[in-house]
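As structure tokens, the structure follows; a few thoughts come after it.
This structure is a prediction, so every number in the text was calculated from the model and none was measured. By convention in this document, chain letters (A, B, ...) are assigned in the order of the sequence lines, proteins followed by strands, and residues within each chain are numbered from 1.
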2 protein chains.
Amino acid sequence: MTVPQQASEGSRAVKRTIEFIRHHRLQKGDRLPSERELSDRFGVTRSSVREALAVLDALRLTERRPKSGIFLRNALEDSGLDSLVIQANLDLPFDERTMRDVSEARVIFETHAIRLACARRTDADLNRLRELVANYADRVQAELNVANEDVEFHLAMAAASQNAIIVRTLTPLFLMSFQWRQKYFSSPVIRRRSLADHQEFVATIADRDETRAAALVQKHVHSAFDEVRAMAEGNEQPESHNQWEGQDQ
Amino acid sequence: MTVPQQASEGSRAVKRTIEFIRHHRLQKGDRLPSERELSDRFGVTRSSVREALAVLDALRLTERRPKSGIFLRNALEDSGLDSLVIQANLDLPFDERTMRDVSEARVIFETHAIRLACARRTDADLNRLRELVANYADRVQAELNVANEDVEFHLAMAAASQNAIIVRTLTPLFLMSFQWRQKYFSSPVIRRRSLADHQEFVATIADRDETRAAALVQKHVHSAFDEVRAMAEGNEQPESHNQWEGQDQ
DNA sequence: CCTACCAATCTGGTAGGTCCAGATTGGTAT
DNA sequence: ATACCAATCTGGACCTACCAGATTGGTAGG
């Protein structure tokens, strides 16, 4: 995956802007301060602010009206899925509701993905999945973290559905959870359990057994989310309202 | 929806860069020319190029390695869904396979959305849907285009699922088809047929009739895509490989 | 007092320049 | 063939300047 570099000023400006929107509770249609004022506030150049605004525009969060101002196009919660990845990378917190929705959506999307994979998977898909599981097993044996390999495997299953849009939909849902995925897979017990599931996934896809595959998705994803939830509640400071905040690793 | 402004240099730089990647058939891991060279090629300032690269970074298409270069992180087809919206807004074409996948994904996602909507919709959701249909009916009566209203209605149905992630997933799938949606709804016959479907949607959601609702989604979406496909093939120049290219309106 | 109008001001868009420090690279000396 | 070092290239950030249209506030006219 990506090596966590230090955030550039441009990215910091994105973070500051999102925090500004949050803090001032700006709503759809509200106007942001001018680029010049934002650059003053944030202590960066207008160039950096403009870079950030270009990103927020791309995410459909803001709209820059020439000679007029910067306006909020959507509430933070209405932007595209890619903004979740960016928020996660910037260590911005998610609320409980978002995490619940992500969990539910992932089950729905991945269930369909694996159903399609059972129906349409090619031998090449199957071989790739077997390779990935073998590699996964090696790493589990070597007591290594498999957070990245887990994402790789799940995306490979999705790819076997032969529908690139489904893959592109699931990708951000995985990437946004990179932080706590790392924590989740720090447990050897969990790694072994996960490996067993993956092996079963491959078997069901090989047999084109949609029903068993779909059931397995439910179990696999739900248990993962339950586990993470439990971990978060265990480590949680009592006064923290948000157990899903990204953690530095 | 959004008024199509003239593209800024920053957006043009995005377009030029994507075209560059396409034209030179760059693959994952390949290196792009330096910012300075791109700004020369495109005839814009480095600032504009940097704005564009910030966007492509956010879309997970490129990766900027400080003091090293710009590298392709993903193939164009592996980026997030939001990039589809941007490509559509820049009048960049989609290939047939993407459109097929979008159609399939939309049916899957929206079917689940409406199932959840049947189970969970509140009275407020229902009222909003009725309002939207009433407005829709007025516009059909007045022989007005209902492209935007159609999106609004479908997103409102998705919102009734009480899962924001599903809404955020469907949104780009609608927005990317803004161009030909406009054409599709230029036909009064289609507008009337669509209105009838929407009225039936509301009825099924009111009755919480999941089965009928799901069946209706299949019919509604498939017929729409078939229609658009037929329209595109009809107007198509024989040598065009791509009938999904965005059209100016 | 209200309205119409106009000029100063503010805004985003773009250009062009500078400096920095680390990565890359190619040639040189060993 | 290898080790090393200096010139070069790269992205990151800052700064100033200009443009033209949108906005706005005050003024003149009704």
Side-chain angles (χ1 to χ4, degrees), chain A residues 2-18 20-21 24 26 29-74 86 89-90, chain B residues 2-18 20-21 24 26 29-74 86 89-90:
Chain A
T2 22
V3 188
Q5 303 277 357
Q6 85 242 358
S8 68
E9 290 303 319
S11 292
R12 294 196 338 100
V14 171
K15 183 173 185 175
R16 297 291 303 274
T17 308
I18 292 179
F20 181 92
I21 294 171
H24 292 268
L26 297 187
D30 285 353
R31 189 187 151 162
L32 276 75
S34 71
E35 297 181 348
R36 290 169 176 87
E37 187 178 338
L38 287 178
S39 74
D40 277 349
R41 275 181 193 269
F42 300 161
V44 297
T45 355
R46 189 150 87 99
S47 317
S48 299
V49 171
R50 281 188 60 78
E51 249 185 77
L53 292 176
V55 170
L56 297 183
D57 269 20
L59 299 173
R60 297 192 302 284
L61 260 169
T62 61
E63 182 184 349
R64 292 184 283 180
R65 303 205 193 120
K67 286 98 194 186
S68 173
I70 306 156
F71 298 85
L72 221 63
R73 187 197 295 264
N74 283 313
I86 292 179
N89 289 340
L90 294 175
Chain B
T2 25
V3 188
Q5 301 279 357
Q6 87 244 357
S8 69
E9 289 304 320
S11 293
R12 294 198 337 102
V14 172
K15 182 173 184 176
R16 296 292 303 271
T17 308
I18 292 179
F20 181 92
I21 294 170
H24 292 268
L26 297 186
D30 285 352
R31 190 189 149 159
L32 277 73
S34 71
E35 297 181 347
R36 290 169 176 86
E37 187 179 337
L38 287 178
S39 73
D40 276 349
R41 275 180 192 269
F42 300 162
V44 297
T45 10
R46 190 148 87 100
S47 319
S48 300
V49 171
R50 282 188 61 77
E51 250 186 76
L53 292 176
V55 170
L56 297 182
D57 269 20
L59 299 174
R60 296 192 303 285
L61 260 170
T62 61
E63 181 185 350
R64 290 183 285 178
R65 303 208 192 117
K67 287 98 193 183
S68 174
I70 307 155
F71 298 85
L72 220 63
R73 187 197 294 265
N74 284 313
I86 293 180
N89 287 342
L90 294 176

Once ring-ring contact (aromatic ring centres under 6.0 Å, His included) is applied, do any residues pair with Phe20(A), and if so which ones, sequence neighbours excluded? His24(A)

What are the two closest heavy atoms between Ala52(A) and Gly10(A), and how far apart are they? CB-O, 3.8 Å

Atom of Thr17(B), atom of Ala13(B) and distance for their closest heavy-atom approach: OG1-O, 2.6 Å

Near DNA chain C, which residues from residues 53-60 of chain A have a heavy atom under 4.0 Å away? none

What is the distance, rounded to the nearest whole Å, between atom [atom1] of [X] and atom [atom2] of [N]?
{"X": "Leu32(A)", "N": "dC10(C)", "atom1": "CG", "atom2": "P", "result": "19 Å"}
{"X": "Glu37(B)", "N": "dT8(D)", "atom1": "CD", "atom2": "P", "result": "18 Å"}
{"X": "Arg12(A)", "N": "dG12(D)", "atom1": "CZ", "atom2": "P", "result": "15 Å"}
{"X": "Glu35(B)", "N": "dG16(C)", "atom1": "CD", "atom2": "P", "result": "16 Å"}
{"X": "Leu38(B)", "N": "dG12(D)", "atom1": "CG", "atom2": "P", "result": "13 Å"}
{"X": "Glu63(B)", "N": "dG12(D)", "atom1": "CD", "atom2": "C1'", "result": "15 Å"}

With sequence neighbours left out, what residues match [X] under side-chain contact (heavy atoms from CB on, under 4.5 Å)?
{"X": "Asp30(A)", "result": "Leu26(A), Gln27(A)"}
{"X": "Ile86(B)", "result": "Ala58(A), Val14(B), Val55(B), Leu59(B), Leu90(B)"}
{"X": "Arg64(A)", "result": "Glu35(A), Arg50(A), Leu53(A), Ala54(A), Asp57(A), Ile70(A), Glu51(B)"}
{"X": "Ser34(B)", "result": "Arg36(B), Glu37(B)"}

Give a yes/no answer on whether the side chain of Arg64(B) brings an N or O atom under 4.0 Å of OP1 or OP2 in dG12(D). yes

Does Ser34(B) make a side-chain N or O approach to OP1 or OP2 of dC9(D) shorter than 4.0 Å? no

For nucleotides 14-24 of chain D, give me one character per nucleotide, 5' to 3': B if any protein heavy atom sits under 4.0 Å from the base, S if the only such contacts are to the sugar-phosphate, - if neither. BB-BB-BBSS-

Partners passing salt bridge (charged side-chain N to carboxylate O under 4.0 Å, His left out) against Arg65(B) (at least two apart in sequence or in another chain): Glu63(B)

What residues form a side-chain hydrogen bond (donor to acceptor under 3.5 Å, both in side chains) with Asn74(A), not counting sequence neighbours? none

Once you apply a heavy-atom cut-off of 4.0 Å, does Arg50(A) come out as touching a base, just sugar-phosphate, or nothing? base

Partner nucleotide of dA7(D) by Watson-Crick or wobble geometry (both distances under 3.5 Å): dT24(C)

